[in-house]
**Student:** 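Quick one: this structure, given as structure tokens, is what I'll be asking you about.
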Protein chains: 2
Amino acid sequence: MTETRAYHHGDLRRALLAAALEAIEEVGPAALSLRDLARRAGVSHAAPTHHFGDKAGLLTALAAQGFDLLAQALIATHDDFLEAGVAYVDFAVTHRAYFEVMFRPELYRADDPELLAARERSGAALRSGVAALSGGGGPVDTDRDALAAWSIAHGFATLWLAGALPDRVGDNPREAARAVLRRLSA
Amino acid sequence: MTETRAYHHGDLRRALLAAALEAIEEVGPAALSLRDLARRAGVSHAAPTHHFGDKAGLLTALAAQGFDLLAQALIATHDDFLEAGVAYVDFAVTHRAYFEVMFRPELYRADDPELLAARERSGAALRSGVAALSGGGGPVDTDRDALAAWSIAHGFATLWLAGALPDRVGDNPREAARAVLRRLSA
DNA sequence: CGAAGAAACTTGTCAGTGACAAGATTGCGA
DNA sequence: TCGCAATCTTGTCACTGACAAGTTTCTTCG
């Protein structure tokens with residue numbers, strides 16, 4: 001296992017994405033440096049260009065991958081509203097780097113087809129969970145309910161990540177999120 | 001009224017903050033360039049340093065001013081929960097540049113005393129509005145209710161700003177926010 | 001009034017960055 | 001095995017934030 005292999009890294013694209021996740025967790029998506037990623041991967045400063053074109057290209061790939069992972073996490077809750085909300089917050093905290101890129105469309109190409117498809121998959125999974133909640137009879141407005149659910153989960157997640165919440169909320173995001181999300185289903 | 005006055009702009013600090021608000025609305029807070037602000041204000045590229053030290057200093061001042069404006073907007077709703085929520089969303093949409101900086105603490109000095117004080121004023125105004133809602137008797141948990149209210153308003157606001165919401169939500173943020181916020185008070 | 005010192009701003013410079021062009025190396029299919 | 005395409009490198013440019021040092025204006029105080 002040689003330490004440095006000249007030319008043909010073998011899996012540079014994947015290595016760069018992994019390095020990007022690390023770097024974003026350290027300095028945030030805005031301060032991300034392509035040259036730093038190249039250094040982390042042990043390649044020259046221009047190597048990333050070949051795989052992603054530019055910085056926005058790399059972040060587009062990351063965002064698409066993130067929406068895909070989020071969709072999977074939501075689907076795994078099997079249309080349980082509360083669990084879907086908790087999973088949403090859990091995803092944001094556990095995959096912070098993904099989440100921070102996903103909702104910053106000015107950093108990537110929001111019209112990328114692959115990304116749009118993955119984004120739609122998460123949206124569908126979310127609505128599906130909400131539809132299960134409001135099945136209890138009476139006139140329901142799934143669209144509005146889904147928007148409310150998405151808002152409360154997304155708001156809690158972003159406030160948590162921004163460190164804006166007071167200490168008394170505790171250090172367990174899943175538990176705290178569950179308590180907050182319950183206010184909506186009550 | 002001379003067009004260019006050498007030395008002593010007169011109100012450069014304010015001019016730079018105003019230029020920053022403009023620039024952030026155009027390119028976002030991350031892509032903000034101090035040199036661009038200097039050009040907009042008609043001064044040399046190093047002039048901003050004297051007033052703010054560095055980029056983080058400028059954004060700290062902006063964030064503090066933003067929290068102050070938000071607190072005023074919330075206080076003006078006189079402890080009406082729904083109106084406070086609508087005002088929160090309205091602030092985010094109307095003062096997009098402020099809002100985008102305020103909740104990106106990695107961009108500024110989050111331990112700045114003036115900023116902390118302004119932030120605490122908004123927090124108090126928010127809790128005050130929620131306390132008014134839950135005054136209807138029964139066991140109440142104002143902390144948790146305030147967190148839920150903050151989450152849903154903040155989530156809706158950030159999703160709106162990120163352009164993540166589907167078209168069918170419409171183009172009137174106040175109206176759409178009111179419908180969503182009502183799901184919490186019901 | 002006027003001089004000293006502080007405040008405000010400028011010019012000059014440096015390392016780091018993203019993007020691009022052009023060239024070198026390697027793997028793969030005909 | 002030969003040629004070509006994919007992969008990666010070296011070199012370069014304009015731009016940026018930060019800092020150092022100098023210049024101009026304002027203010028305060030003798």
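Lettering of chains follows the sequences in order, A, B, ..., and the numbering in each one begins at 1. Side chains are part of it too, since the values below use all heavy atoms of this structure and drop only hydrogens, waters and symmetry mates. Quick caveat: nothing in here was measured; it's all calculated off a predicted structure.
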**Student:** Rounded to whole angstroms, how far apart are NZ on A/K55 and P on C/dC20?
**Tutor:** 14 Å

**Student:** For A/L32 and C/dA19, give me the distance from atom CG to atom P, rounded to whole Å.
**Tutor:** 11 Å

**Student:** For B/L37 and D/dC15, give me the distance from atom CG to atom C1', rounded to whole Å.
**Tutor:** 14 Å

**Student:** Under 3.5 Å, is there a donor-acceptor pair between the B/T60 and B/D112 side chains?
**Tutor:** no

**Student:** Checking all strands, does B/R39 fall into the base, sugar-phosphate, or nothing category for heavy-atom contacts under 4.0 angstrom?
**Tutor:** sugar-phosphate

**Student:** Applying a 4.0 Å non-hydrogen cut-off, can you work out what B/H51 is touching in the nucleic acid: base, sugar-phosphate, or nothing?
**Tutor:** sugar-phosphate

**Student:** Can you tell whether the side chains of A/R109 and A/D54 come within less than 4.0 Å, N to carboxylate O?
**Tutor:** yes

**Student:** Looking at C/dT17, I'd like to know if its phosphate oxygens (OP1 or OP2) sit under 4.0 Å from a side-chain N or O belonging to A/S33.
**Tutor:** yes

**Student:** Please work out which of the three classes, parallel, tilted or perpendicular, describes the rings of A/F99 and A/H154, given edges at 30° and 60°.
**Tutor:** tilted

**Student:** Could you tell me how far apart A/F52 (CZ) and C/dG18 (C1') are, to the nearest whole angstrom?
**Tutor:** 16 Å

**Student:** Calculate the interatomic distance between B/D36 atom CG and D/dG17 atom C1'; express it in whole Å.
**Tutor:** 14 Å

**Student:** Which nucleotide wins on minimum distance to the side chain of A/S44, given the candidates D/dT10, D/dA18, C/dT10?
**Tutor:** D/dT10

**Student:** Taking the six-membered ring for Trp and the full ring for Phe, Tyr or His, determine whether the centres of A/H95 and A/F91 are under 6.0 Å apart.
**Tutor:** yes

**Student:** To the nearest Å, how far apart are B/R40 CZ and D/dT16 P?
**Tutor:** 11 Å

**Student:** Where the side chain of B/L12 is defined as all heavy atoms beyond and including C-beta, which of C/dC9, D/dG17, C/dG18 is the nearest nucleotide?
**Tutor:** C/dC9

**Student:** By nearest atom, which of the nucleotides D/dT9, D/dA18, C/dT17 is closest to the B/D54 side chain?
**Tutor:** D/dA18

**Student:** Can you find a donor-acceptor pair, distance only, under 3.5 Å between A/R35 side chain and C/dG16 base?
**Tutor:** no

**Student:** Starting at CG of B/L59 and ending at C1' of D/dA18, how long is that distance when rounded to a whole Å?
**Tutor:** 15 Å

**Student:** On DNA chain D, check which nucleotide each of B/A56 and A/R13 is closest to and give me the residue with the more 5' one.
**Tutor:** A/R13

**Student:** Using the side-chain heavy atoms of B/H50, tell me which of these nucleotides is nearest: C/dA21, C/dG12, C/dA8.
**Tutor:** C/dA8

**Student:** At 4.0 Å (heavy atoms only), tell me whether A/L58 reaches a base, stays on the sugar-phosphate, or touches nothing.
**Tutor:** nothing

**Student:** In plain terms, say whether B/D11 and B/R14 are close enough for a salt bridge, that is, a side-chain N and a carboxylate O under 4.0 Å apart.
**Tutor:** yes

**Student:** Nearest of C/dC9, D/dT12, D/dT9 to any side-chain atom of A/H45?
**Tutor:** D/dT12

